[in-house]
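None of these values were measured; they are calculated from a predicted model.
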Amino acid sequence: MTRRDRIVVVGAGAAGLRAAERVRELGFDGDLVIVGDEPRRPYHRPAVSKQLLYGAARPHETTMPAFVDLDAQWRLGTAATQLEADRRVVHLPGGEEMRYDGLVIATGLVPRHLPGAPRHDPRVRVLRTAGDAAAIKRVIAANDQPVVVIGTGFTGCDVAASARHLGRDVTMIGRSNGLVGDAFGQEIGRRLIRLHTKHRTRLALGTQVRNWITTKDSLALHLTDGQLLVAGCVVLAIGSVPSTTWLRGSGLVIEDGVLCESTCFASGVSDVVVAGDVARWPNLRFDEVPRRVEHWINAVEMGRAAAENLMAGRMSAVPFTPLPRVWSTQYGVR
């Protein structure tokens, strides 16, 4: 990379910020542009389902610092609309074309939608951003009815714990008979069930929503096991999908995330690297099967590794082989 070059980072989350930071640490002194679809600078995403949701932190307190002078052009509130990899151009709203010499894709995830859910109802929410957390908090505060969380993964468990922290009755609904699925095994699942039960979170496991009934005052959910739940707020936490719609037609392989080589380079190109939740790559520490890892620590480490390899070039790049790890805090238990 030379003084005349431009690196564009699409995605202003943890992976994008750390990638931008790393290229500056490595001496890149060309143009650096960071494009993000949210109107604010990168923040600690784990706080969305915890401190922001139950009010222990204000949004500005969760902003992630940059540890070097980025000297970057920030294009916030701007969602990339298309990539022409052969022309090295990222398309932005309004017909703007942004040329790049190196591109970091770090667009993360978007919440999965639940078929049949009345998403038009403002009491039915998803959780991805700080804005989503604020909206859920407002809905909960607007009535004194129970909160229902659909989904028993990490996000669902976090939201349930935060709603209990606010003093609300909470029910978690899940198709499986345990918590956090098969990600961490039955023993951790059993411990989490005991933890949530101890804090009086109601668990409706092995079932799902059959019908929705909406009224002016509440939402009712009829479950496949015959239960009828009444709620003032329903949070959909049934997982996420990679944010790759803008990459259609780019030539990149985008089934279940952007397919990468072990070095974070997008498969088949020499000037595009991918980092964070949106990346699907083979971790050669284990095997050659491409997988995605949807955790904050991985986003930070992969952002830095992708930047290092982009600066080194595809022929000199080294495999990214982390030991995946994750944590969560629920009811004060880490």
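For the pair Glu84 and Arg99, the salt-bridge criterion is not met [side-chain N within less than 4.0 Å of a carboxylate O]. Taking 4.0 Å as the cut-off between side-chain N and carboxylate O, Arg88 and Asp271 count as a salt-bridged pair. Classification of Arg125 and Asp121 as a salt-bridged pair fails, no side-chain N sitting under 4.0 Å from a carboxylate O. Here Glu25 does not pair with Arg18 in a salt bridge; the nearest charged N to carboxylate O distance is not below 4.0 Å. Between Asp101 and Arg6 there is no salt bridge, since no side-chain N of the basic residue sits under 4.0 Å from a carboxylate O of the acidic one.
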Worked verdict on Glu38 versus Arg45 for salt bridge (charged side-chain N to carboxylate O under 4.0 Å, His left out): CA-CA 12 Å; Glu38 292 187 63; Arg45 189 78 59 175; 3.1 Å; yes
Is there a side-chain contact (heavy atoms from CB on, under 4.5 Å) between Val149 and Val170 once you walk through the steps? CA-CA 7 Å; Val149 180; Val170 179; 4.3 Å; yes
For salt bridge (charged side-chain N to carboxylate O under 4.0 Å, His left out), just list the numbers for Asp37 and Arg128, CA-CA rounded to whole Å, side-chain angles, deciding distance to a tenth of an Å, and then say yes or no. CA-CA 12 Å; Asp37 61 348; Arg128 172 179 175 261; 3.8 Å; yes
Do Arg40 and Thr63 pass the side chain to side chain donor-acceptor pair (under 3.5 Å) test, and can you show the C-alpha distance, the side-chain angles, and the key distance before you say yes or no? CA-CA 9 Å; Arg40 57 169 297 184; Thr63 300; 3.0 Å; yes
Glu261/Arg314 under salt bridge (charged side-chain N to carboxylate O under 4.0 Å, His left out): CA gap, chis, key distance, verdict: CA-CA 10 Å; Glu261 299 169 0; Arg314 189 178 181 191; 2.2 Å; yes
Show the numbers, then the answer: is there a side-chain contact (heavy atoms from CB on, under 4.5 Å) between Asn283 and Phe320? CA-CA 7 Å; Asn283 186 339; Phe320 175 55; over 6 Å; no
Show the numbers, then the answer: is there a side-chain contact (heavy atoms from CB on, under 4.5 Å) between Val10 and Val104? CA-CA 6 Å; Val10 181; Val104 181; over 6 Å; no
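Interatomic distance, Ser162 OG to Gln51 CD, rounded to the nearest 0.5 Å: 8.0 Å. In this structure, OG on Ser240 lies 7.5 Å from CZ on Arg112, to the nearest 0.5 angstrom. Expressed to the nearest 0.5 Å, how far CG of Leu70 lies from CG of Leu17 amounts to 6.0 Å. How far CG of Leu236 is from OG1 of Thr155: 12.0 Å, rounded to the nearest 0.5 Å. In this structure, CG in Leu32 is found 8.0 Å from CG in Asp71, a value given to the nearest 0.5 Å. In this structure, CG in Asp132 is found 11.5 Å from OG in Ser49, a value given to the nearest 0.5 Å.
Crowding of Arg175 atom CZ: a count of heavy atoms from other residues, nucleotides or ligands under 6.0 Å not exceeding 12. More than 12 heavy-atom neighbours from other residues, nucleotides or ligands sit within 6.0 angstrom of CD on Glu187.
In terms of hydrophobic clustering, with Ile, Leu, Val, Met, Phe, Trp and Tyr side chains grouped at heavy-atom distances under 4.5 Å, Met302 and Val273 are assigned to different clusters. Placement of Val148 and Met172 in two distinct hydrophobic clusters is found when ILVMFWY residues are connected by side-chain heavy-atom separations under 4.5 Å, directly or transitively. At a threshold of 4.5 Å between side-chain heavy atoms, the hydrophobic network of Ile, Leu, Val, Met, Phe, Trp and Tyr places Phe154 and Ile188 in one connected group. Val180 and Leu195 end up in the same hydrophobic cluster when Ile, Leu, Val, Met, Phe, Trp and Tyr side chains are linked at under 4.5 Å. Both Val326 and Val333 are members of a single hydrophobic cluster when ILVMFWY side chains are connected at heavy-atom separations under 4.5 Å.
Side-chain contact between Met98 and Val89 is absent, with no heavy-atom pair separated by less than 4.5 Å. Using a 4.5 Å heavy-atom cutoff, the side chains of His60 and Tyr43 are not in contact. Under the 4.5 Å side-chain criterion, counting only non-hydrogen atoms from C-beta, Ile238 is in contact with Ile150. Inter-residue side-chain proximity for Ile7 and Leu103 is flagged as unmet; no heavy-atom pair is nearer than 4.5 Å. Proximity of Leu229 to Leu219: side-chain heavy atoms (C-beta onward) are nowhere separated by under 4.5 Å. Annotation: side chain of Asp256 is in contact with side chain of Pro242 (closest heavy-atom distance under 4.5 Å). With contacts defined as side-chain heavy-atom distances shorter than 4.5 Å, the pair Val35/Val9 does not qualify. Looking only at side-chain heavy atoms (C-beta outward), Ile105 and Leu252 come within less than 4.5 Å of each other.
Proximity of a side-chain donor or acceptor of Arg292 to a complementary backbone N or O of Arg280 within less than 3.5 Å is not detected. Using modelled atom types, one side-chain atom of Gln145 and one backbone atom of Asp217 make a donor-acceptor pair closer than 3.5 Å. Under a 3.5 Å cut-off, the side chain of Arg119 and the backbone N or O of His113 do not form any donor-acceptor pair. Remark: the backbone N or O of Gly332 is not paired with any side-chain donor or acceptor of Thr329 at under 3.5 angstrom. In terms of modelled atom types and a separation under 3.5 Å, the side chain of Glu301 and the main chain of Asn298 share no donor-acceptor contact. The closest donor-acceptor contact from the side chain of Arg285 to the backbone of Thr321 lies under 3.5 Å. The backbone N or O of Leu323 lies less than 3.5 Å from a partner atom in the side chain of Arg325, making a donor-acceptor pair. One N or O on the side chain of Arg24 and one on the backbone of Phe28 form a donor-acceptor pair closer than 3.5 Å. Checking side-chain atoms of Asp277 against main-chain N and O of Leu109 turns up no donor-acceptor pair under 3.5 Å. Checking side-chain atoms of Thr197 against main-chain N and O of Arg194 turns up no donor-acceptor pair under 3.5 Å.
The two residues Trp74 and Ala12 make their nearest non-hydrogen contact at CZ3-CB, 4.5 Å. Across all their heavy atoms, Tyr100 and Ala85 have their closest contact at OH-CA, 3.7 Å. In plain terms, the two heavy atoms of Ala130 and Val48 that are nearest each other are N-CG2, 4.0 Å. Here the closest non-hydrogen pair linking Val300 and Ala14 is CG2-CB, 4.0 Å. Considering every non-hydrogen atom in both Trp212 and Gly116, the closest pair reads CD1-O, 3.5 Å. Nearest heavy-atom pair across Ser270 and Phe265 is O-CE2, 3.2 Å.
If you check the side chains of Asp225 and Gln227, you find a donor sitting under 3.5 Å from an acceptor. A side-chain donor-acceptor contact under 3.5 Å links Gln330 and Asp158. A donor atom on one side chain and an acceptor atom on the other are found under 3.5 Å apart for Thr201 and Tyr331. A donor-acceptor contact closer than 3.5 angstrom is absent between the side chains of Gln186 and Arg191. Remark: the Thr224 side chain and the Thr207 side chain contain an N/O donor-acceptor pair separated by less than 3.5 Å.
For the pair Arg334 and Trp327, the cation sits on the ring face: its NZ or CZ lies under 6.0 Å from the ring centre, inside 45° of the axis.
In this structure, His295 has no ring pair (Phe, Tyr, Trp, His ring centres under 6.0 Å) partners at least two apart in sequence or on a different chain.
Other residues sharing a hydrophobic cluster with Val110 under the 4.5 Å side-chain heavy-atom criterion for ILVMFWY residues are Val241.
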